Amino acid sequence: MSGARFPFGPTYDEMARPELIEPSVRAAALEALPSDELNPVNLFNITWKNRDNQVRKMVFPREITGLDVNIVVLLGNGFPSGSHKVGPAYSTLIEACVDGVLDPEKHTILGPSTGNFGIGVSYVCRLMGYRAVVIMPDNMSKERYDRIRKYGAALDLTPGTESDVILTLERTHQLMKDPSNFALAQFELMPNYRFHRHVTGSAAVEAALRVGNGRVACFVSAPGSAGTLAAGDHIKAVYPEAKTAAVEPYECSTLATGGRGQHRIEGIGDKMCTLIHNVLTTDFIITVHDDECVQALKVMREGAHILERLGMKREAAQSMRDLFGVSGMCNVIAAVRMARYLRLGPDENIVTVATDGFDRYESVIDDLDRRCLETTDHVLERWVRDIFAAQDDSAIHDVRRAEAKERLFAQKEKDWTPFGYSAEYLDGMKSQDFWEDEYAKHAYYSEKIGQMRG
Ligand SMILES: Cc1ncc(COP(=O)(O)O)c(C=O)c1O
């Protein structure tokens, strides 16, 4: 097989259940994780599970939410490269290796991104021996570019911020005309869907098992590529009554209302309905104001004493410092509002995701400090109380009816026809069979990876 390099990483099943990895490889991977970041064996650390095979998660403190429902947050900051986006980056690259279409001597890998996917692409390419170019907007948090450079990828920057992703897509499609380039096109390729449905979905179900009634009532995730949202499809297969809610910045509510503004939540709200978004299984769209997320993040980072005033124990309050980025905060705020809207009780669980941790947001908090005249303790306490107590049901859009689905399909057609996708292909996505067939391919790729690894 052309292009495969040792170690030819984990299968989908091994990412979902790392206990299946050959013990000496798992041991080497766990040893490398804290101290030898660029050792290729770290590919076997692409999983939500810790060394004890438990999902890395937290139940968001009730002292902050003021609710008795359980908000279970999957923590993405423990993935190699610092976010769960390394999973779709690896899955897309390994599927292309299995398909035999890549040669590290000939191909350059393109990673269209707003940051974390680009970080993941540069990281897995470094580990697997491929040249990488990350195509992303030029106005994202500084920490993102630093990481990508550290992993050795080149940057190809397009103008703008998160909501200018369409320019990175256009640039990617332009570069794809050169056959020596191969794009890990996260917004359109199905490995992203497969990774999250199989790996994140099973982590979400497991994370809730010993919490409350052990079931998942609702899964909340703010789409960038909408890969993470695919976990909802796995959850629904286990708990058919579960709901899936997609979160958007109020300032750029493309799915909810066709809105197309600039916003501050890096990683989400990309002014499109992505090709891999299964809109059939999205039940609600909820909007959250971007600055609420940045403000709440500042309190998690710097306001342990304020969280203590809300009733948290000191150690627990201090442990909130590193666990969230802006989109993670957005997901938690949306989960709180969905819990109220759905009138969930003390036994019930909402699962959501913190894609990354604080390590890439120092500059975002510096910017908030510059914009706000006052960030005294009094102000921070008012922010956190107001944000978590607020409820505006008009920000929640029920998209279960056929008219709403038609509107979302129309948005998808508008976004993807210009990139050459046929009406026939897009129509196929209107049937759940399309998604089941795509998902089923994870078994084929798992088997092939296992065989080729020898
Ligand atoms: C910080 C952050 N949050 C959320 C997301 C959205 O995840 P997904 O692309 O799986 O929808 C991303 C995607 O890049 C991200 O970087």
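Remember, it's a predicted structure, so these values are computed and weren't measured experimentally. Every number for a ligand or one of its atoms is a count from 1 in the order of the listing.
Arg171 and Thr158 share no donor-acceptor pair across their side chains, judged by distance under 3.5 Å alone. Side-chain atoms of Glu436 and Gln432 include a donor-acceptor pair closer than 3.5 Å. Between the side chains of His289 and Gln295, no donor-acceptor pair of N or O atoms lies under 3.5 Å.
For atom 14 (O) of ligand 1, the closest heavy atom belonging to the protein is Lys85 CE, 3.3 Å. For atom 10 (O) of ligand 1, the nearest non-hydrogen atom of the protein is Thr228 OG1, 2.5 Å. In terms of protein heavy-atom proximity, atom 2 (C) of ligand 1 is closest to Ser327 OG, 3.4 Å.
Within ligand 1, the atoms closer than 4.0 Å to a non-hydrogen atom of Ser225 are 8 (P), 9 (O), 10 (O), 11 (O), numbered from 1 in the order shown. For ligand 1 and Ala226, the ligand atoms under 4.0 Å from any heavy atom of the residue are 8 (P), 9 (O), 11 (O). Within ligand 1, counting atoms from 1 as listed, the ones closer than 4.0 Å to a heavy atom of Glu266 are 1 (C), 2 (C). Close approach of ligand 1 to Asn116 (heavy-atom distance below 4.0 Å) involves ligand atoms 1 (C), 2 (C), 15 (C), 16 (O). Using a 4.0 Å cut-off to heavy atoms of Pro223, the atoms of ligand 1 that qualify are 11 (O). Residue Gly227 has at least one heavy-atom neighbour below 4.0 Å for each of these atoms of ligand 1: 8 (P), 10 (O), 11 (O). Under a 4.0 Å criterion applied to the non-hydrogen atoms of Ala222, ligand 1 contributes the atoms 6 (C), 11 (O). Atoms of ligand 1 lying under 4.0 Å from any heavy atom of Tyr361, numbered from 1 in the order shown and given with element: 1 (C).
For Lys412 and Asp415, the salt-bridge test fails: no basic side-chain N is under 4.0 Å from an acidic carboxylate O. A salt bridge links Glu292 with Arg337; the closest basic N to acidic carboxylate O contact falls under 4.0 Å.
For Gly115, the heavy-atom gap to ligand 1 stays at 4.0 angstrom or more.
With a 4.0 Å cut-off on non-hydrogen atoms, Phe195 does not touch ligand 1 at all.
Seen from the ring of Phe79, Arg56 counts as a face-on cation partner, given the 6.0 Å and 45° thresholds.
By heavy-atom distance, the residue among Gly224, Gly76, Gly267 lying nearest atom 11 (O) of ligand 1 is Gly224. With atom 4 (C) of ligand 1 as the reference point, the heavy atom nearest to it among Asp356, Val326, Thr355 is part of Thr355.
Other residues, nucleotides and ligands place more than 12 heavy atoms under 6.0 Å from the NZ atom of Lys405.
Between Ser327 and the options Ile265, Val332, Leu297, a side-chain contact (heavy atoms from CB on, under 4.5 Å) holds for only Ile265.
Counting only residues at least two apart or on different chains, the salt bridge (Lys or Arg N to Asp or Glu O under 4.0 Å) pairs with a member in residues 231-246 are Arg215-Glu241, Lys236-Asp283. Every pair passing ring pair (Phe, Tyr, Trp, His ring centres under 6.0 Å) that includes a residue from residues 264-287 is listed here, sequence neighbours excluded: Phe284-Tyr341.
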